Amino acid sequence: MPELPEVEYTARQLRASVIGATMSDAQVFWERTIGYPDIAQFLTQIKGRRIEGVRRRGKFLLVDLSGEYFLSIHRRMSGNFLLLPMGWQIDTSTRENDPARWSVKGPIFYNEQAELPVSADSGKVSVMAPIAPATISLSATTHCRVCFSLHDGRTLLFTDPRKFGRIELWAKSQEDEAFAFMGPEPLGPLFTPISLTEALTRRKTPIKTTLLDQEVVAGLGNIYADEALFDAQIHPLRPANTLNHDEIQRLHASIIAVLQLGIEHGGTSFNDYRDIWGEEGSNFDHMRVYQRTNRPCLTCATPIERITVAQRSTHYCPICQPTHQKQFIQV
DNA sequence: ATTTAGACCTGTCAGC
DNA sequence: TGCTGACAGGTCTAAA
C-alpha cells in the first residue's frame with residue numbers, strides 16, 4: 001500500500017486538478033470503506049461541498065471541503081484514486097456482481113498507436129483522454145469502492161481490491177485530536193536528529209519495528225523502512241536504543257533521502273499502486289533491498305537476505321548492514 | 001509491558 | 001488446467 005511518497009504524489013496530483021471542483025454526488029459500492037459517519041449521513045453531508053485543498057498527514061490523504069469539513073482517507077494496502085475525464089463514468093451494467101471486472105465508459109477515443117476504438121473490455125489498452133494530461137489505463141479502474149461525481153462532469157474513483165482502505169468525513173475542529181497520536185512529518189521541520197534520538201532512546205524493539213510505528217515518525221512503511229536502513233547501513237534487528245550518535249544522524253538523513261526519491265519517481269508500484277491517471281510510479285526500479293531477496297547487493301554483491309520482523313518481510317544486506325556484534329568483532 | 005497470532009480482503013504467482 | 005500455499009505499500013484487537 002501506499003506509503004508517504006505515494007500519498008504525497010497523489011495529493012500533489014489532486015491539488016493540481018480538483019481544487020475548486022464541487023462534489024455533486026457519491027456512490028458507495030463497499031459500505032465498510034466509509035468509516036465515519038454512517039453511509040446516509042456521509043452521502044448527505046458531502047453533496048454540494050467544494051474542494052478547497054488537498055493535503056497529506058503521514059499516510060493519510062486529507063481533502064479540505066467547504067463548510068469546515070475534510071475527508072480523511074487511508075488507503076491501507078491497495079487503495080487508489082483515479083480521476084476520470086469529463087464524460088467518463090464507471091460502468092457496472094455488464095457484471096453487476098463482479099466489481100473486479102467493472103470498467104469505465106466514455107466518449108470513444110482512439111488508441112494512439114493502433115487506432116482502434118476502445119471497448120469496455122479492452123483491459124490494458126490506454127485511451128487518449130479529452131482533458132487529462134496523460135492517458136488512462138482501463139485496467140486500473142477495477143474494484144471501484146466509492147465513486148465521487150464532480151459538478152464539472154469529471155468522476156473521482158476510489159478503487160481498492162483488498163477493501164482495507166477507509167474514507168471518513170470529519171469537521172475541521174476534530175483534526176488536531178484525530179492526528180494527535182502521530183509523530184513528526186519526516187519531511188517537515190520537527191523531524192530532526194534530536195527528535196529521532198528522543199523517540200529511539202526509550203525503545204528496545206528492533207529498529208525496523210520502531211520505524212514502522214507511526215508515533216515515532218509519520219508515513220514510513222515496509223518499503224521505505226527497509227530502504228532507509230540499508231542507506232544508513234544499519235541492521236534491521238538492532239535494538240532502537242543501541243544506535244549511536246552517528247548512526248542516528250545517518251538514519252535521519254537516509255529516511256529523508258529515500259522518501260524524497262520516492263516522491264520524485266512518482267511512488268513505488270510493484271502491484272496495485274497507480275497515480276490518479278492510472279499510471280505506475282517508477283520508484284520500484286530504484287529499490288536497493290526491498291523485494292531483492294537473493295539478488296546481489298548493489299554495493300558489495302552479497303546476496304540480499306530476507307527475514308521476518310514484526311510479521312513484515314524485511315530485506316537487508318548482511319555485509320553492508322552488520323549487527324552490533326559483528327561490527328564490534330571487526331574493529 | 002511487550003511480542004505475536006489473527007482479522008480484515010482479494011489477487012497473483014510458484015510449484016505440484 | 002487446476003489446486004494449494006505463500007505472499008503483498010497497513011493497522012487494530014485479543015491472547016500469550
Side-chain angles (χ1 to χ4, degrees), chain A residues 1-11 29-36 56-61 72-81 95 97-102 123-124 139-145 158-168 178-179 181-183 186 202-228 237 239-241 255 258-259 261-263 265-275 280-287 289-294 306-315:
Chain A
M1 152 343 153
E3 302 178 32
L4 185 152
E6 291 75 34
V7 182
E8 177 64 27
Y9 195 71
T10 300
F29 299 106
W30 182 254
E31 299 205 345
R32 296 188 64 169
T33 299
I34 306 301
Y36 183 87
R56 178 193 58 75
R57 177 75 174 99
K59 298 171 191 171
F60 288 85
L61 182 73
S72 165
I73 298 126
H74 199 304
R75 292 148 70 181
R76 296 286 178 89
M77 292 294 263
S78 62
N80 271 316
F81 277 102
R95 295 185 183 86
N97 297 320
D98 191 1
R101 295 179 179 280
W102 289 350
K124 289 178 178 165
S139 61
T141 67
T142 58
H143 301 91
C144 181
R145 305 306 177 199
F158 180 71
T159 64
D160 186 20
R162 295 182 70 178
K163 301 178 175 174
F164 294 160
R166 294 291 178 266
I167 299 178
E168 301 183 348
F179 297 115
F181 74 96
M182 254 197 286
R202 287 178 291 106
R203 301 173 191 253
K204 56 185 185 188
T205 52
I207 185 64
K208 168 68 185 286
T209 311
T210 312
L211 290 181
L212 294 177
D213 187 339
Q214 302 296 296
E215 289 183 42
V216 172
V217 53
L220 275 186
N222 210 33
I223 293 179
Y224 296 96
D226 279 5
E227 292 296 314
L237 287 178
N241 59 6
I255 288 171
V258 299
L259 292 175
L261 264 182
I263 296 170
H265 294 140
T268 304
S269 304
F270 67 85
N271 197 353
D272 291 321
Y273 168 73
R274 297 292 185 279
D275 72 10
E280 296 185 6
S282 69
N283 200 50
F284 191 67
D285 300 334
H286 300 270
M287 294 288 103
V289 286
Y290 185 76
Q291 293 278 307
R292 294 193 70 248
T293 310
N294 291 330
R306 176 184 176 278
I307 57 176
T308 299
V309 181
Q311 283 113 271
R312 312 300 305 278
S313 72
T314 297
H315 315 74

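Lettering of chains follows the sequences in order, A, B, ..., and the numbering in each one begins at 1. Computed from a predicted model, the values in this text were never measured in an experiment.
- Between F270(A) and F284(A), the ring planes are tilted. Angles from 30° to 60° get that label.
- Taking atom CG of residue N222(A) and atom C1' of nucleotide dC7(C), one finds them 12 Å apart after rounding to whole Å.
- Within 4.0 Å (heavy atoms only), Y224(A) reaches no atom of the nucleic acid at all.
- Within 4.0 Å of D272(A), counting heavy atoms only, lies at least one base atom of the nucleic acid.
- Side-chain contact between I167(A) and R145(A) is absent, with no heavy atoms from C-beta onward closer than 4.5 Å.
- T205(A) comes within 4.0 angstrom of sugar-phosphate atoms only, judged by non-hydrogen atoms across all strands, and of no base.
- A donor-acceptor pair under 3.5 Å is absent between the side-chain atoms of E8(A) and the main chain of R56(A), judged by distance alone.
- Taking the side chain as every heavy atom from C-beta outward, R312(A) and L212(A) approach each other to under 4.5 Å.
- Here the side chain of E227(A) pairs no donor or acceptor atom with the backbone of I255(A) at under 3.5 angstrom.
- With the nearest nucleotide of DNA chain B identified for both P206(A) and K163(A), P206(A) has the one nearer the 5' end.
- For the atom pair OH (Y290(A)) and OG1 (T268(A)), the distance works out to 9.0 Å, reported to the nearest 0.5 Å.
- Between P5(A) and Y224(A) the shortest side-chain heavy-atom distance falls below 4.5 Å.
- Side-chain atoms of P186(A) and L4(A), non-hydrogen and from C-beta on, do get closer than 4.5 Å to each other.
- Remark: P of dC7(C) and NE2 of H315(A) are 10 Å apart, rounded to the nearest angstrom.
- A heavy-atom distance below 4.5 Å is not found between the side chains of Q291(A) and R306(A).
- At the heavy-atom level, R166(A) lies nowhere under 4.0 Å from the strands shown.
- In this structure, the CG atom of L61(A) is 16 Å from the P atom of dG10(C), given to the nearest Å.
- The distance between atom CD of E215(A) and atom C1' of dG10(C), rounded to the nearest whole Å, is 15 Å.
- Smallest separation of non-hydrogen atoms from S78(A) and D160(A): OG-OD1, 2.7 Å.
- In this model, no donor atom of one side chain and acceptor atom of the other lie less than 3.5 Å apart for N241(A) and R202(A).
- Side-chain N/O atoms of T10(A) and R75(A) include a donor and acceptor closer than 3.5 Å.
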Margin query: Counting primed atoms plus P, OP1 and OP2 as sugar-phosphate and everything else as base, spell out the protein contacts along nucleotides 11-16 of chain C at 4.0 Å heavy-atom distance: B, S or - for each nucleotide, 5' to 3'.
Written below: S-----
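- A gap of 13 Å separates the P atoms of dG6(B) and dA6(C), to the nearest Å.
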Check: Pairing of DNA chain B as dot-bracket, 5' to 3': ( ) intra-strand, [ ] crossing, | other strand, . unpaired, with Watson-Crick or G-U pairs under 3.5 Å?
Finding: .|||||||.|||||||
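- dC9(B) sits 15 Å from dT13(C) when the P atoms are compared, rounded to a whole Å.
- In this structure, F164(A) packs face-to-face on the six-membered ring of dG10(C), meeting both the 5.5 Å centre cutoff and the 30° plane limit.
- One atom, CZ of R306(A), and another, C1' of dA8(C), lie 10 Å apart when rounded to the nearest Å.
- Bracketed by its first and final contacts, the part of DNA chain B lying under 4.0 Å from non-hydrogen atoms of chain A reaches from dT3(B) to dG11(B) in 5' to 3' order.
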